[in-house]
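Note that the numbering runs from 1 along the sequence shown for the chain. The model shown is predicted, which means the values in this text are computed figures rather than measured ones.
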Amino acid sequence: MFKRMDEILIEIPNVEKPDPNAAASIQELLGGKFGEMSTLNNYLYQSFNFRSKEKLKPFYDLVMSITAEELGHVELVSHGINQCLRGSTQYKEPDDTPLGSVKDARLSYHYLAGAQGAMPFDSMGNPWTGANVFNSGNLVEDLLHNFFLECGARTHKMKVYEMTDHPAAREVVGFLLVRGGVHVVAYAKALEIATGVNVTKLVPIPSLNNKAFTEARKYEEKGVHTKLYTYSDKDFNAISQIWKGTHPEDGQPLEVIQGVPEGFPIPEAPAVEEEFAPGISHEDFAEIARRLKMAGNIAD
């Protein structure tokens, strides 16, 4: 069961700097093979299909808690894409070609099908596929796959960071580099407990430390890389048997936090009349308000 809040994980800079091609690049972090939809659905189905969860509860709790965080990552990347697309066209009469300014955008589907919003695709417009989900049922094999998946996701985040200087894009990617690093270390520690092999000696992969990225460094300075959340008021606290000790890179103590991190308001998405969205006129709004007042017995 999931509990949802009207918040996102970080505050995304609200800048008037439309960049359709930056949005296309970030799509890889959403719907690519190593994107957030892949990490989410890999862990989601592993959690659904987990075998012997009572005997292996710390590992089950780990996958469950990270699954919930990945839902928030899908949400966050989507809003980052939306911020990069915002303002890239302006309302004009149809004969004045209001979408003409983006006819050369690398991913025109944002405008043709999504009213300038995130789509479940990769950076080339290929739809995300469930074929990206791996769930063998073997605990060590799944943990090893998850470690590799998070390392691959980290590589792609670093490349997207280097591809665009858009403030919203870099803020989102910087934060995800830090949180993805948490998941890398968590799965490495889980593998060490399950097999006796110290996988944490492999990190970071790639070798470039997060502190090389300004927007990631500030989150590490706040200790974001040391915290693992249960994403539950009372469940999944057995992850403390795995997420313990110190961080393998800087020696900071690791901390399990029962619950969720502090959230931030979701950015308001303005109307895009040239895209017929939301397709409600001022007169329509007035009529909707009148009906709501009537339904609620609210007097003017």
Requested in this report: Mind running side chain to side chain donor-acceptor pair (under 3.5 Å) on D142 and S136 for me, showing each step along the way?
Outcome: CA-CA 6 Å; D142 284 348; S136 71; 2.8 Å; yes

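Formation of a donor-acceptor pair under 3.5 Å by the D61 side chain with backbone atoms of A238 is found in this model. Listed for the S123 side chain is no donor-acceptor partner under 3.5 Å among the backbone atoms of G32. Checking side-chain atoms of E11 against main-chain N and O of F264 turns up no donor-acceptor pair under 3.5 Å. N21 contributes a side-chain N or O that, together with a main-chain N or O of R106, makes up a donor-acceptor pair within less than 3.5 Å. Distance alone, capped at 3.5 Å, is enough to place a donor-acceptor pair between the S47 side chain and the L44 backbone. Between the side chain of T164 and the backbone N or O of V160 there is no donor-acceptor pair closer than 3.5 Å. Put simply, the side chain of D6 never gets that close to the backbone of I266: no donor and acceptor are under 3.5 Å apart. Panel note: side chain Q90, backbone E274; no donor-acceptor pair is recorded below 3.5 Å. In terms of modelled atom types and a separation under 3.5 Å, the side chain of T200 and the main chain of K189 share no donor-acceptor contact. A donor-acceptor pair under 3.5 Å is formed between the side chain of D122 and the backbone N or O of M124.
Each of F175, F213, Y161 was scored for a side chain to side chain contact (heavy atoms under 4.5 Å, CB included) with R170, with one residue passing: Y161. With Y187 as the partner, the ring-ring contact (aromatic ring centres under 6.0 Å, His included) test is satisfied by one option alone out of F59, W243, F147, Y43: Y43.
Using a 4.5 Å cut-off on side-chain heavy atoms (C-beta onward), H225 and V185 make no contact. Residues E141 and F134 form a side-chain contact, since some pair of their non-hydrogen atoms from C-beta on lies under 4.5 Å apart.
Placement of L202 and L143 within a single hydrophobic cluster is found when ILVMFWY residues are connected by side-chain heavy-atom separations under 4.5 Å, directly or transitively. Two different hydrophobic clusters hold V182 and V224 under the rule that ILVMFWY side chains link at heavy-atom gaps under 4.5 Å.
Membership of an apolar cluster is not assigned to F276, as no side-chain contact below 4.5 Å to another ILVMFWY residue is traced.
A search for salt bridge (charged side-chain N to carboxylate O under 4.0 Å, His left out) contacts involving D284 returns nothing, not counting sequence neighbours. Taking E36 as the reference, K157 meet the salt bridge (charged side-chain N to carboxylate O under 4.0 Å, His left out) condition, with sequence neighbours excluded.
For K218 and E171, the salt-bridge test passes: some basic side-chain N is under 4.0 Å from an acidic carboxylate O. Looking at E287 and R291, a side-chain N of the basic residue comes within less than 4.0 Å of a carboxylate O on the acidic one, giving a salt bridge.
Taking the six-membered ring where tryptophan is involved, the planes of Y45 and F48 are perpendicular, since the angle between them exceeds 60° and thus also 30°. Between Y109 and F121, the two ring planes are tilted [angle within 30° to 60°].
Pairing each heavy atom of P261 with each of L9, the nearest pair is CG-CD2, 3.7 Å. Looking at every heavy atom in both residues, L40 comes nearest to E70 through CA-CB, 3.7 Å.
Taking the centre of each ring, Y229 and F236 stay at or above the 6.0 Å mark.
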